[in-house]
Amino acid sequence: MLVRLPRSVSEAQSCLAEGAVPVGGATLVWAGWQRDGFPEQAVSLRELPEAKVIGDGALGSAVLLHEIDGRVPEVLRKAAGGVGTGAVRRTATVGGNIVGSTLRCLLPAALVLDARAIVLEPDGTVETDLAELLAKRPLLLSLHWREPVASGYRKLTDQLRGEVPFVVAAAVGADAPVLRVAVRDGYDVLSETVPYDTDTGRVLRALALTPLGTLPEAVFEAVRDVVGGVVERAGAR
């Protein structure tokens, strides 16, 4: 198998046009290739500048999870830090986690940041939303967002849907007076947006009227705690 390492967007386009398969960090695809056979060509974005950005409201798809640090909002940093083991985080990429994984550990964090995706299509780069990204699964180059006023995240290792831990993410956006909350429930992610209010009780009452209000009590208690912390930090700024 030939692994190609494009250094420009046009080179990456050529790789895809010639049938190269995105490899990411290979933590997810390698076992499948061992079982089903290796492609003739694979493409890694680890040398592509547009896919290696971190900070200033952007995160590249080829960034390794262990590289995600204080240059991104707390919700993304904590989500990345909770993925697998240290060995996995030193290999797995942002793009592989969001587009290639069924768990999509970073997706709740990206949703509450109202992130947009820059993807590579045959005609060039295109900006799209996360719903279309997951539906069409194009080659992700990077995520972009406006810095939130405050954000928070929690992984509930003692609360499972099957073998999958619940996670809770929340953020107050900088561009509108709203609070976004996303919860991974099994392999699905529920997300809701409610008006931001400095009164945590009013925010929680609004959330309780959404599908999030039907979550198990222990999970909604975590929503209360995460949202309370985010509202408090947002109000202090």
Side-chain angles (χ1 to χ4, degrees), residues 6-17 20-29 42-65 67-69 71-80 83 92-148 151 153 167 169-171 173-176 178 180-184 187-193:
R7 296 177 180 271
S8 69
V9 169
S10 60
E11 285 183 36
Q13 283 180 283
S14 297
C15 293
L16 294 178
V21 178
V23 67
T27 57
L28 297 170
V29 301
V43 57
S44 168
L45 302 184
R46 67 188 186 204
E47 300 295 335
L48 184 64
E50 290 86 345
K52 291 293 290 181
V53 294
I54 309 177
D56 294 327
L59 184 63
S61 65
V63 172
L64 301 178
L65 299 187
E67 296 175 321
I68 297 176
D69 55 22
R71 289 172 286 180
V72 304
E74 176 184 333
V75 65
L76 260 181
R77 186 173 70 253
K78 287 189 173 181
V83 175
T93 63
V94 170
N97 184 273
I98 291 181
V99 181
S101 170
T102 55
L103 292 177
R104 299 188 178 105
C105 303
L106 301 185
L107 179 59
L111 285 169
V112 300
L113 292 175
D114 197 26
R116 302 284 292 177
I118 302 298
V119 302
L120 184 59
E121 295 189 345
D123 295 332
T125 58
V126 177
E127 182 180 291
T128 188
D129 59 29
L130 296 178
E132 187 168 358
L133 172 70
L134 298 178
K136 296 185 177 180
R137 298 167 66 89
L139 184 62
L140 175 65
L141 293 182
S142 56
L143 298 174
H144 296 259
W145 61 86
R146 290 192 64 186
E147 291 296 323
S151 66
Y153 177 91
V167 299
D175 54 345
V178 298
R180 297 182 177 90
V181 180
V183 176
R184 186 181 68 190
Y187 292 99
D188 298 320
V189 176
L190 309 175
S191 63
E192 296 292 340
T193 300

Applying side chain to side chain contact (heavy atoms under 4.5 Å, CB included) to Val53 and not counting sequence neighbours gives Ala58, Ser142
To the nearest 0.5 Å, atom CG of Asn97 lies from atom CG of Leu64 at 12.0 Å
Applied to residues 105-119, the side chain to side chain donor-acceptor pair (under 3.5 Å) test, sequence neighbours excluded, yields Asp114-Arg180, Arg116-Glu127
Does the pair Val99 and Leu133 meet the rule for a side-chain contact (heavy atoms from CB on, under 4.5 Å), with working shown?
CA-CA 8 Å; Val99 181; Leu133 172 70; 4.0 Å; yes
Output for pair (Glu121 CD, Thr128 OG1), nearest 0.5 Å, gives 7.5 Å
Verdict with supporting geometry, Leu45 and Leu140, side-chain contact (heavy atoms from CB on, under 4.5 Å): CA-CA 10 Å; Leu45 302 184; Leu140 175 65; over 6 Å; no
When rounded to the nearest 0.5 Å, the distance separating CZ of Arg137 from CD1 of Ile98 is 12.0 Å
Sorted by chain and number, sequence neighbours left out, salt bridge (Lys or Arg N to Asp or Glu O under 4.0 Å) with Glu132 holds for Lys136
Item checked: Leu113 and Leu143, any side-chain heavy atoms less than 4.5 Å apart -> no
task: Show your working on side-chain contact (heavy atoms from CB on, under 4.5 Å) between Glu50 and Ile118 and close with a plain yes or no.
output: CA-CA 9 Å; Glu50 290 86 345; Ile118 302 298; over 6 Å; no
Separation between CG (Leu139) and OG (Ser61), nearest 0.5 Å, reads 6.0 Å
Item to complete: Side-chain contact test, heavy atoms from C-beta onward, threshold under 4.5 Å: evaluate it for Arg46 versus Thr93 and give yes or no.
Response: no
Rounded to the nearest 0.5 angstrom, the CD-NZ distance for Glu47 and Lys52 is 8.5 Å
One should read off an interatomic distance between Arg71 CZ and Asp56 CG, to the nearest 0.5 angstrom, of 9.5 Å
Practice problem: Walk me through it: do Leu59 and Ile54 pass the test side-chain contact (heavy atoms from CB on, under 4.5 Å)? | Solution: CA-CA 5 Å; Leu59 184 63; Ile54 309 177; 4.2 Å; yes
